[in-house]
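Below is one structure, written out as structure tokens, with a few remarks after it.
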Amino acid sequence: MKNQEIARIFSDMADLLEIKGENPFRIRAYRRAALNIENLSTDVAAASEDDLLKIPGIGRDLAAKILEFCGSGKIQAYEDLRKEVPEGLSLLLSVPGLGPKTAKLLFEQLHVTDLRDLERMAKEHKLVTLPGIKDKTEENIIKGLEMLKRGKERQPLGKVLPVAKEIVDQMQAKAPVNRIEIAGSLRRWKETVKDIDILATSRDPKGVMHAFARLPQVRDILMQGPTKSSVILHTGIQVDLRVVEEESFGAALAYFTGSKSHNIRLREMAVKAGLKINEYGIFREKDEKKLGGEKEEDVYRLLGLPFIPPELREDTGEVEAALSGTLPRLIELSDIKGDLHVHTKRSDGSHDLEELVAEARKRGYRYLAITDHSKGLGIARGLSEEKLLEEKREIAALNKKLKGFQLLAGVEVDIRGDGSMDFDDRILGEMDIVIASIHSGFKQSKEQMTRRLVAAMRNPHVSIIAHPTGRLIGERDPYEVDMQELLNVAAETGTAIEINAYPLRLDLNDAHARAAREMGVRLVISTDTHVTHQFEYMEYGVAIARRGWVEKGDVLNTLDLRSLRKKLRK
Ligand code: DGT
Ligand code: CA
Ligand code: ZN
């Protein structure tokens, strides 16, 4: 979907207009449009002008810009605006958390045009000399700069994978490719990636290279050769495309899927067995005879190993496990029987119960837990006790009408700063499912944060801890928490820990999911859906679970409803 890209451009345009001192109404119109597009459940690329005009905050002018972007991959007015604002100033705006007002101040008063200058001046406390800049602003700028540095090197999986899939789709439609597959860290579902690696086969490699370089997403061509090209997209990410021989496709896919350390282990094994593996195939050392390479399985088979799924190829024990026949049977998307973390429009979601049920059933789910926010969360329109009980009654009434599908009446109760729950036990005891999570006080010490989470897990009504570290990849670091202690108490109390599948969260992460599983902690995989298309994020949660060696039996929402209900009670 192009929604996220368009939302980002509109929000950038608002910043640029603000710097230029334009009409505040116009600025607010861009901000509002950005927000509405970001939260939209349908793909704007598939929308007609009439559809677009129905989106709140989108008039003729903005609709035309959206259509322009969908057609040409850019918006001329945005390109022009960027040219009008000095480059140094745009650069300042690229720092997360640094808004247009501060950027303008720094640029005009301190003549900061370089991020290294900015970092030095922030660290030397030079910025606080300006009106309106506080110690806190300086701290946030330093944090933003660090995040930017990390973000330049690697981008979140959830932002890159849709882009990569779209490129593959377009190549299939426009280029003479036969096979085409995403490789590299994306195929391993690593939570952040450096670039997009794509492999293809074709009778006409030059034609493929030609079509690739002309894709509308491409900003710069770094290199265009007869069988390999590298480009940079408008979003700043690099894509490498290689065309290989049909008979080597499997070997090349294994090689370029990596990881590098996994490949090194395979090559060492090959040498010991008198074999040679490279991106062209598997060969017998003594006479160079080719033994395989068309299929990826060939590589593993000829080494005497079972197939190792890409998510495990990190050299963290998978080769040993393959050798001893103890590879896990990884959970699959089709094992998931329902989603246990979903919001309705009663709190900060966009849909009513019927719409959510229809969407969940489309996915083949058997149940869905409705878990709106609790009263303390004002910004997320948290529910009062009365509203929550009203929702529960509505759910009970709807359940009577449903066949082969049930809603669970739940709540996502906020864990307050002092570790108490935002609803008292009497209310929590009324619910089918209680998930508890932290939404404030992220800056507390590790001891305090851990104490809050432990207190929640010791509450007999709390079945699940949601997004246990609060991170947003590339935007907000995890709060400090003693993970070992958290998992110990989870195992002891039978509290399940969520793998939140929202692509910027992926929380628990893969390593923690693996630790949890090894300690016998119950897991759930949930999407935290606010808009129905977000049900799709389940795929990301399952991928993170797979990277954590998680099996079907480790995850509660693979159970049928009756067994699930039993396990949710502590
Ligand atoms: P990334 O891009 O940092 O997110 O991670 P990868 O794993 O996609 O790394 P990348 O793009 O540098 O290379 C893609 C795959 O190609 C990598 O997983 C393994 C293979 N590869 C690249 N360079 C080498 C190398 O020098 N030696 C070996 N054995 N394999 C390599
Ligand atoms: Ca890569
Ligand atoms: Zn939530």
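In this chain, numbering begins with 1 at the start of the sequence shown. Both ligands and their constituent atoms are indexed starting at 1 by order of listing.
Only protein N, O or S atoms were scored, and 4 of them lie under 2.8 Å from the Zn ion (ligand 3). Of all protein atoms, those that are N, O or S and lie under 3.0 Å from the Ca ion (ligand 2) total 2.
Just one residue in the list K159, R471, R505 forms a salt bridge (charged side-chain N to carboxylate O under 4.0 Å, His left out) with E191, and that residue is R471. Each of E285, E288, E268 was checked for a salt bridge (charged side-chain N to carboxylate O under 4.0 Å, His left out) with K276, and the lone residue meeting it is E288.
Rounded to the nearest 0.5 Å, atoms OG (S185) and CG (D197) are 6.5 Å apart. In this structure, CG in D418 is found 8.0 Å from CZ in R452, a value given to the nearest 0.5 Å. Here the straight-line distance linking atom CG of L233 with atom CD of E5 works out to 8.5 Å at 0.5 Å rounding.
Around ligand 1, the residues contributing at least one heavy atom under 4.0 Å from the ligand are R154, G184, S185, R188, V193, K194, D195, D197, Y255, F256, T257, G258, S259, K260, N263, R267.
Panel note: side chain R514, backbone R547; no donor-acceptor pair is recorded below 3.5 Å. Checked by atom type and distance alone, the side chain of E181 never pairs as donor or acceptor with a backbone atom of R179 at under 3.5 Å.
A donor-acceptor pair shorter than 3.5 Å can be found between the side chains of E412 and S437. Counted by atom type alone, D315 and S261 present zero donor-acceptor pairs between their side chains at under 3.5 Å. Between the side chains of E166 and Q217, at least one donor N or O sits under 3.5 Å from an acceptor N or O. No side-chain donor-acceptor contact under 3.5 Å links N557 and D339.
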Step by step, would you call V239 with L215 a side chain to side chain contact (heavy atoms under 4.5 Å, CB included)? CA-CA 12 Å; V239 189; L215 289 176; over 6 Å; no

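With sequence neighbours excluded, the residues forming a ring-ring contact (aromatic ring centres under 6.0 Å, His included) with H439 are H373, H467, listed by chain and number.
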